[in-house]
Amino acid sequence: MHWAERTAVNLAHRGDTHLIAAGITPSGEFHIGHIREILTCDMIVRACNHSGLNAELLFIVDSMDPLRKVYSFLSDDYEQFIGHPLYRIPPPDEQGKPIFDSDSSYAEHFLNPFLNALSELGVKLRISWNHEEYENGKFENATRLFLDNREEVVRILTDVSGRPLDEGWWPYSPIGYDGSFDGISITGWEDPFVTWIDSDGKIGKSHIGTDQGKLPWRLDWPAKWNFHGVTCEPFGKDHAASGGSYSTGRLLVEILGSKAPHPVPYEWIQLKGMGPMSSSANITVGPLEALEIVPPEILRYLIARNKPNRHIEFDTGGSLLEMADQYERLLATWKEDEMPDENATDRVKTAWEVDRAKISLSQTESDKEKLDPVATNISFRHLSMLAQIRSNDVDVWDSLQKSGLLDKQPSKSLKDRLRRMRNWIASEHFPEENKIIIQKELSDEARKSFNQGDLEYLTELRDAYSNCEWNASEINNKICNLARKHGIFLRNAFVILYQIHLGRPHGPRLAAVLAEIPRNDAIDALDRAINSLD
RNA sequence: GGGCCUGUAGCUUAGCCAGGUAGAGCGACGGACUUUUAAUCCGUUGGCCGGGGGUUCAAAUCCCCUCAGGCCCGCCA
C-alpha cells in the first residue's frame with residue numbers, strides 16, 4: 001500500500017471527515033522543502049477522498065509570526081521591523097529594501113509566487129491567514145484556557161521540553177506600542193485583557209480576542225488544531241523530536257478539550273552535494289526555480305515515490321533525466337486493467353498497487369481518468385535534445401509532427417514542457433554530458449577516430465554536404481549510402497562523424513542536429529578532418 | 001545527553017506498521033534490427049535483505065542487542 005493510502009487508512013479509524021493541515025511561516029523565499037510539505041498533505045487528501053472519506057487541505061499561513069532577524073536577502077532597513085508580525089511589514093524590493101507604499105505585505109510578497117507554483121502542481125487548498133484568525137477572535141477561547149491554566153501549561157512545557165521557563169513567563173505575547181512583540185513584560189491577566197509594560201515603562205493591555213498579541217508558537221499550534229479541527233498534519237522532523245513542539249502540543253491541546261492530529265513527520269529535502277534547505281541561508285532552490293525546470297508531474301512524482309520518512313536528494317542535474325525517464329517508462333508500460341494474476345505473490349500485487357498510486361498521485365489533475373498521452377509519447381530526454389538543436393518552438397513542433405509523436409497542435413502542457421526544458425538547458429543545472437556542442441575545431445580524440453582509409457568517404461561526404469538538400473533525411477541518406485558504398489560499418493561511420501561534429505562518440509540523431517546548423521559549418525568540420533589526413 | 005530516520009543486486013530502490021517462495025528500474029553482458037546512434041526490442045547476469053540473538057511451523061517483515069551512515073533538539077518543513 002502506498003504511504004498516502006496507509007495514512008488514509010489510519011485516519012479512517014478516527015472518522016469520516018478530515019482536515020489535513022500545513023502551516024508555513026512566510027519569512028522568506030519559499031523553497032522545494034515547502035513543496036514537500038504541501039504535496040504530502042495533498043496526496044493524503046487525495047488518498048482519503050479516493051477511499052471514500054471527506055478530506056480537505058488547509059494551508060495555514062503563519063502571517064502573525066514576527067520577523068526574527070534581518071535575513072541575508074534583506075537590507076539593514078529591516079532592522080526596524082524585527083519582532084513585528086509579518087503581515088504588517090512592507091515587502092522588500094529587489095535590493096532587499098522595504099517598499100513602504102506597497103499594497104501587499106511582506107507575507108504576501110513571498111506567499112504569492114508559492115501559491116502560483118502550487119496551482120501549477122494541481123494542489124487544491126483552502127487558505128487561512130493566521131493574523132485574520134486572531135483578528136476574528138478565533139484564538140480567544142484557547143488563549144483564555146491557556147491563561148487560566150497557566151501553571152499546567154508551564155508544567156507541560158518544562159517537563160516535556162526539559163527547558164525551564166522564566167519566572168515571568170505567560171502563555172501570551174502582546175504587541176507593544178511600537179508594533180513589536182519584543183521587549184514586553186506581562187503584568188497580569190484580567191479577562192479579556194492581558195496587561196503589560198514595555199521597555200520604556202509605558203503600560204498597556206491587549207484584548208485576547210484580537211490581533212493585539214498572539215500565542216507563543218508552542219501554544220499557537222495546538223490552538224489552531226483545536227479551532228480548525230485539524231485531524232492530520234505533516235510536519236518536518238524538527239518538530240517531531242521528543243521534547244519538540246508536537247510532543248508538547250499533543251498534551252497542551254487536551255487543555256482545550258480536543259485531540260492532537262495524526263502526525264506525519266517527514267524528512268527534509270537536500271540538494272545534491274549541499275546541505276539541507278534553509279530559508280535564511282542562501283542554499284535554496286526556490287519552488288519557482290524548480291518549477292521553471294521540472295514539469296509539475298515529475299515534481300509530484302518525486303514526492304509520491306518517496307515515503308515521507310525518507311530524505312530526498314533533489315538533483316537538478318543528470319538524475320533529473322533519469323527520474324523523468326523512470327516516470328515516463330512507468331506511465332508508458334502501465335496497463336491499468338492488467339492486474340497481476342491471482343497466483344502472483346502478495347509482494348507482486350502490492351508493488352503493482354504502489355505503482356498505480358504513484359502514477360495517480362503524480363497527475364496534476366486529481367480526478368483524471370485517462371493519462372495525458374503527451375506525457376507518454378514525448379520523452380523528457382528527447383525533448384532535451386530537440387530543444388537544444390531547434391531554437392524555434394515551431395521547429396520543435398514540426399520535428400515532432402514529422403516523427404509522428406505529435407499529430408495535432410501542441411497542447412498547453414507540452415508548450416510548458418518545452419519552456420521548462422529551455423530554462424533548464426540555459427541554467428547552470430543542465431548536465432554537461434547532455435549538452436550538444438557543435439565542434440569548431442577538430443579534437444585530438446576526434447582525430448584518432450578515423451584514418452587514411454576513411455579519406456574517400458569523408459571527401460565524398462563533404463561534396464554531398466555541399467550538394468544535397470539541407471534537411472535531416474537527405475543528410476542521413478548521404479551519410480548512410482556513402483558509408484555502405486565505401487564498405488564502412490554504419491556504426492563506425494557514425495562514431496567518426498559524431499567525433500568530428502560533436503566531439504564525442506555518440507549523441508542524438510546526427511542528421512537532425514546537422515540540419516539545424518548552417519551547411520557551411522558542417523562542411524568546414526569535414527574539411528578540418530580531411531585536411532588533418534594530408 | 002535526548003530523539004528520529006535509513007541500511008535489500010554494481011547504483012537507485014519496492015516489499016516491512018496486517019510474517020507465508022526476494023520484485024523493479026538503471027548499469028553490465030549477450031542477441032535482434034542495420035538509411036541504425038544519449039534509439040528500439042528480446043534475453044542473461046547479479047541479493048547469506050548491515051551483523052547477532054529471540055519469538056514462530058514459517059522472519060527482509062515482529063522483539064532485544066549491536067555496527068554503520070544521515071539528521072533533529074532557539075527559529076526553520
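Just so it is clear, the model here is predicted, and its values are computed rather than measured. Chain A is the first sequence line, chain B the second, and so forth, proteins listed ahead of strands; every chain is numbered from 1.
Rounded to whole Å, the C1' atom of B/G27 lies 12 Å from the corresponding atom of B/U45. Using P as the reference atom, B/G3 and B/G74 are 16 Å apart when rounded to the nearest Å. Separating the C1' atom of B/A14 from that of B/U6 is a span of 15 Å, rounded to the nearest Å. Look at the P atom in both B/U8 and B/U13: the space between them is 9 Å, to the nearest Å. Taking atom C1' on both nucleotides, B/C29 is separated from B/C48 by 25 Å, rounded to a whole Å. A gap of 34 Å separates the C1' atoms of B/C75 and B/U12, to the nearest Å. Atom P of B/G46 sits at a distance of 15 Å from the matching atom of B/G23, rounded to the whole Å. When the P atom is used for both B/C5 and B/C63, the distance is 12 Å, rounded to whole Å.
Taking the side-chain hydrogen bond (donor to acceptor under 3.5 Å, both in side chains) definition, one finds that A/W225 meets it with A/E233, sequence neighbours left out. Under the side chain to side chain contact (heavy atoms under 4.5 Å, CB included) criterion, A/I184 pairs with A/P174, A/W196, A/D198, not counting sequence neighbours.
Atoms CG (A/N476) and C1' (B/A39) sit 13 Å apart, rounded to a whole Å. Note: CD1 (A/I312) to C1' (B/A77) measures 12 Å, nearest angstrom. With rounding to whole Å, A/W3 atom CH2 is found 15 Å from B/C16 atom P. Distance A/E5 CD to B/C16 P: 12 Å, rounded to the nearest Å. For the pair A/K478 NZ and B/U36 P, the computed distance is 16 Å after rounding to whole Å. Note: CZ (A/R491) to P (B/A32) measures 10 Å, nearest angstrom. Here B/U35 presents its C1' atom at 16 Å from CZ of A/F489, a figure rounded to the nearest Å. B/G74 atom P lies 20 Å from atom CD1 of A/I82, rounded to whole Å.
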Which atom pairs link the protein and nucleotides 26-30 of chain B when you take only N or O atoms and keep those under 3.5 Å?
unit_1, atom_1, unit_2, atom_2, d
B/C26, OP1, A/R329, NE, 3.4

Polar atoms only, N or O, under 3.5 Å: list the protein pairs with nucleotides 8-10 of chain B and their distances.
none

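In this structure, A/V70 and A/Y78 approach most closely via the heavy-atom pair CG2-C, 3.8 Å. The shortest non-hydrogen separation linking A/I82 to A/S180 is O-OG, 3.6 Å.
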Legend entry - 5'-to-3' dot-bracket of RNA chain B (Watson-Crick, G-U; under 3.5 angstrom; crossing pairs as [ ]; | other strand): (((((((..((((......[..)))).(((((.......))))).....(((((..]....))))))))))))....

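Between A/R509 and B/A39 there is no side-chain N or O to OP1 or OP2 distance below 4.0 Å. Taking 4.0 angstrom as the limit, A/N309 places a side-chain polar atom (N or O) nearer than this to OP1 or OP2 of B/U6. Proximity of A/H311 to the phosphate of B/G70: no side-chain N or O atom is located under 4.0 Å from OP1 or OP2. Between A/K358 and B/A24 there is no side-chain polar atom (N or O) within less than 4.0 angstrom of OP1 or OP2.
Pairs of residues two or more places apart, or lying in two chains, that qualify as salt bridge (Lys or Arg N to Asp or Glu O under 4.0 Å) and include a residue from residues 463-490 of chain A are A/E460-A/K485.
Between A/R46 and A/V123, the closest side-chain pair of non-hydrogen atoms is not below 4.5 Å.
Within a 6.0 Å radius of CZ in A/R420, other residues, nucleotides and ligands contribute more than 12 heavy atoms.
Backbone-only engagement by A/F235 is indicated by non-hydrogen atom pairs under 4.0 Å involving sugar-phosphate atoms exclusively. Among the heavy atoms of the strands, none lies under 4.0 Å from A/R36. Across all strands shown, A/N434 has heavy atoms under 4.0 Å from base atoms, whether or not it also approaches the sugar-phosphate. A/S473 comes within 4.0 angstrom of no nucleic acid atom, judged by non-hydrogen atoms across all strands. Here A/L510 lies out of heavy-atom contact (under 4.0 Å) with every strand.
No close placement of the A/W129 and A/F59 rings is indicated, their centers lying 6.0 Å or farther apart.
Classified by interplanar angle (parallel below 30°, tilted 30° to 60°, perpendicular above 60°), the ring pair A/F114/A/F30 is parallel. Using a 30° and 60° split on the angle between ring planes, A/H239 and A/W217 fall in the tilted class, from 30° to 60°.
Between the side chains of A/R218 and A/T248, at least one donor N or O lies within less than 3.5 Å of an accepting N or O.
With RNA chain B read from its 5' end, the first of the two nearest nucleotides for A/Q388 and A/T350 is the one closest to A/T350. When each of A/S384 and A/G236 is assigned the nucleotide of RNA chain B bearing its nearest heavy atom, the one mapping closer to the 5' terminus is A/S384.
Remark: A/R417 engages A/E297 in a salt bridge, criterion side-chain N to carboxylate O under 4.0 Å. A salt bridge does not link A/R300 with A/E120: every distance from a Lys NZ or Arg NE/NH1/NH2 to an Asp or Glu carboxylate oxygen is 4.0 Å or more.
Here the nucleotide nearest the side chain of A/W217, chosen from B/A18, B/U35, B/C75, is B/C75.
Between the CG atom in A/L39 and the CD1 atom in A/I303 there is a gap of 5.5 Å [rounded to 0.5 Å].
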